[in-house]
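A short write-up of the structure that comes next.
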2 protein chains.
Amino acid sequence: MSNVASLTVNEQRSLATRKLLVDAALDCLVDVGFSRTTGVEICRRAGVTRGALNHHYADLAELFVDALRSAYDMLLSPAPSGDMPHNCEGYLRLGYARVTQPEFKAIVELWLASRNDAEIGSQLAHAIADGSALFDPVRIVGQPEGDVEPEVAAACRTIQEALIGLGLGRAVSGAGEMAHERAVFGVLLELARGIDSRQRNDC
Amino acid sequence: MSNVASLTVNEQRSLATRKLLVDAALDCLVDVGFSRTTGVEICRRAGVTRGALNHHYADLAELFVDALRSAYDMLLSPAPSGDMPHNCEGYLRLGYARVTQPEFKAIVELWLASRNDAEIGSQLAHAIADGSALFDPVRIVGQPEGDVEPEVAAACRTIQEALIGLGLGRAVSGAGEMAHERAVFGVLLELARGIDSRQRNDC
DNA sequence: CATGATACATACATCAATGTATGTATGTTT
DNA sequence: AAACATACATACATTGATGTATGTATCATG
């Protein structure tokens with residue numbers, strides 16, 4: 001049922017078109033921001049007509065739900081795999097790899113749009129909540145059944161906020177690494193390693 | 001010349017109207033974001049007609065320059081006065097007081113708009129650069145003639161990015177303090193005090 | 001005080017985005 | 001294969017924002 005081969009031709013075409021629209025929407029958000037991410041512009045970039053957009057999504061808010069989930073998925077590609085340690089340093093490196101991707105700007109744009117537009121806000125609420133879980137320290141640092149120490153959680157949240165700051169800086173500057181980005185990463189790394197070593201000694 | 005009394009009636013009226021427009025623009029950015037911050041909406045909130053807007057500003061980008069500078073000024077109201085120590089802890093407390101003000105959202109909106117719209121970007125470049133100086137660790141921590149240690153600068157930049165993250169979180173959530181905001185502040189405070197105490201021992 | 005400049009308001013034309021209705025080709029089912 | 005559904009494209013009407021032109025009252029100045 002969920003196999004590609006088991007999909008009808010119509011279902012495959014639908015999925016392909018929706019992917020075109022979702023990718024175009026993200027492209028648009030990254031390129032020109034939310035205010036210029038209009039239905040016509042998305043369709044132009046997707047190479048489809050507005051009829052297709054209207055057929056698959058009642059309004060842009062619906063499309064943005066798919067787009068946000070897709071963006072979160074893209075940021076997940078550097079996943080917490082086996083080679084990434086389940087500690088604060090791993091949390092830092094993983095988060096850094098995420099916020100420095102261009103899709104992060106699309107996410108920020110949708111965060112703000114969600115706050116600025118009530119309709120978008122209500123429709124995106126679930127996707128945003130699900131996405132926030134990706135940053136949850138417990139997911140990254142915590143052991144499968146164990147909880148994380150409050151000190152570790154606080155450090156991870158601090159790392160998270162600093163990474164969001166760096167990501168926003170990149171999104172705004174447009175260029176790559178900011179001047180003090182390395183220095184900030186160094187401080188965060190020191191903070192993470194300090195917590196991690198203290199945790200090991202606790203056992 | 002710069003005295004209020006020395007201003008002509010016309011000049012006073014111009015200043016008052018421009019202030020109405022600037023305040024309305026900031027209100028609008030905070031309330032409904034950049035995409036809905038349109039000329040008509042600004043004038044509606046300011047209680048003037050579009051003729052007034054057009055008379056004082058050739059386009060919205062020009063108004064946004066004044067608005068951004070005004071927003072930065074508002075964030076400056078908790079200024080680095082005598083009671084705020086010139087160290088990392090002072091930098092943290094000062095920055096926190098700034099990013100938690102509602103005007104910070106308007107600044108973020110304009111940062112992104114500046115990146116998304118070439119015209120706005122070129123016109124806001126100077127104001128953004130001037131505003132970034134407000135976050136410059138040297139301005140807050142550094143002594144008048146002395147430079148700041150690289151370690152102090154790195155810590156301040158880290159604090160800055162984390163504060164921006166917290167500020168963005170507030171801007172997006174709309175509500176006040178986020179759940180982990182206190183915990184993050186605590187970690188940052190510990191970081192700042194660690195650096196400050198080490199600095200004192202260096203002398 | 002008369003003339004010009006300033007600070008707006010009003011009005012209209014334009015344009016881009018949207019909502020919606022309908023057309024059509026392809027796929028699906030019985 | 002006939003009837004129906006799906007996946008789009010096309011077309012039109014509407015709406016909101018903008019550019020711009022002009023009107024008008026107040027102010028400034030020789």
Side-chain angles (χ1 to χ4, degrees), chain A residues 1 4-25 27-29 31-64 66 109 113 116-120 123, chain B residues 1 3-25 27-29 31-64 66-67 109 113 116-120 123:
Chain A
M1 191 72 100
V4 171
S6 72
L7 295 177
T8 71
V9 173
N10 266 349
E11 285 169 335
Q12 292 181 31
R13 280 180 51 178
S14 282
L15 283 180
T17 302
R18 290 154 89 110
K19 177 165 170 48
L20 284 176
L21 287 168
V22 164
D23 289 348
D27 255 40
C28 211
L29 287 169
D31 263 23
V32 295
F34 174 75
S35 68
R36 291 187 172 180
T37 298
T38 158
V40 296
E41 179 63 17
I42 291 172
C43 292
R44 206 186 58 78
R45 291 174 184 246
V48 300
T49 64
R50 286 202 316 123
L53 171 60
N54 196 273
H55 178 70
H56 290 287
Y57 301 98
D59 50 19
L60 282 186
E62 274 189 20
L63 171 59
F64 288 148
D66 278 6
E109 295 275 357
N116 290 325
D117 184 298
E119 177 66 23
I120 294 178
Q123 296 216 36
Chain B
M1 187 75 97
N3 193 345
V4 171
S6 72
L7 294 178
T8 71
V9 173
N10 267 349
E11 286 168 335
Q12 292 180 32
R13 281 180 50 180
S14 282
L15 283 179
T17 301
R18 289 155 87 110
K19 176 166 170 48
L20 284 177
L21 287 168
V22 164
D23 289 348
D27 256 40
C28 211
L29 287 169
D31 265 22
V32 295
F34 173 77
S35 68
R36 290 187 174 179
T37 298
T38 159
V40 295
E41 178 63 17
I42 291 172
C43 291
R44 205 185 60 78
R45 291 173 183 246
V48 301
T49 63
R50 286 202 317 124
L53 171 60
N54 196 272
H55 178 70
H56 289 288
Y57 301 98
D59 50 21
L60 282 186
E62 273 188 20
L63 171 60
F64 288 148
D66 277 7
E109 294 275 357
N116 290 326
D117 185 296
E119 177 66 22
I120 294 179
Q123 296 216 37

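Below, read A as the first sequence line, B as the second, and so on, with proteins coming before strands; counting in each chain starts at 1.
- Judged by distance alone, the side chain of Glu62(A) and the main-chain N or O of Ala58(A) form a donor-acceptor pair under 3.5 Å.
- Between the side chain of Asn10(A) and the backbone N or O of Arg13(A), no donor-acceptor pair lies under 3.5 Å.
- Between His55(A) atom NE2 and dG19(C) atom P the separation is 17 Å, expressed in whole Å.
- For Asp117(A), the salt bridge (Lys or Arg N to Asp or Glu O under 4.0 Å) partners are Arg36(B), not counting sequence neighbours.
- Sequence order on DNA chain D of the closest nucleotides to Val48(A) and Val9(B) puts Val48(A) first from the 5' end.
- Gln12(A) places a side-chain N or O within 3.5 Å of a backbone atom of Leu7(A) that can act as its donor or acceptor partner.
- DNA chain D is contacted by both Asn10(B) and Gly51(B); Gly51(B) maps to the nucleotide lying nearer its 5′ end (nearest heavy atom per residue).
- Residue Asn54(B) is in base contact, counting any heavy-atom pair closer than 4.0 Å across all strands shown.
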Task: Where protein sits on nucleotides 13-18 of chain C, one letter per nucleotide: B base, S sugar-phosphate only, - none, heavy atoms under 4.0 Å - done: ----SB

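- Within the nucleic acid shown, Ser14(A) comes within 4.0 Å of sugar-phosphate atoms alone, with no base atom in reach, counting heavy atoms only.
- Counting 5' to 3', DNA chain D first comes under 4.0 angstrom of a heavy atom of chain B and last does so at the ends given by dA17(D) to dA28(D).
- At a threshold of 4.0 Å, the pair Arg45(B)-Asp23(B) does not count as salt-bridged, since none of the basic side-chain nitrogens sits closer than that to a carboxylate oxygen.
- In this structure, Asn116(B) and Phe34(A) have side chains that are not in contact, with every pair of non-hydrogen atoms separated by 4.5 Å or more.
- Closest heavy-atom contact between Leu63(A) and Ala25(A): CD2-CB, 4.0 Å.
- Across Ala61(A) and Gln123(A), no two heavy atoms sit closer than the pair CB-NE2, 3.6 Å.
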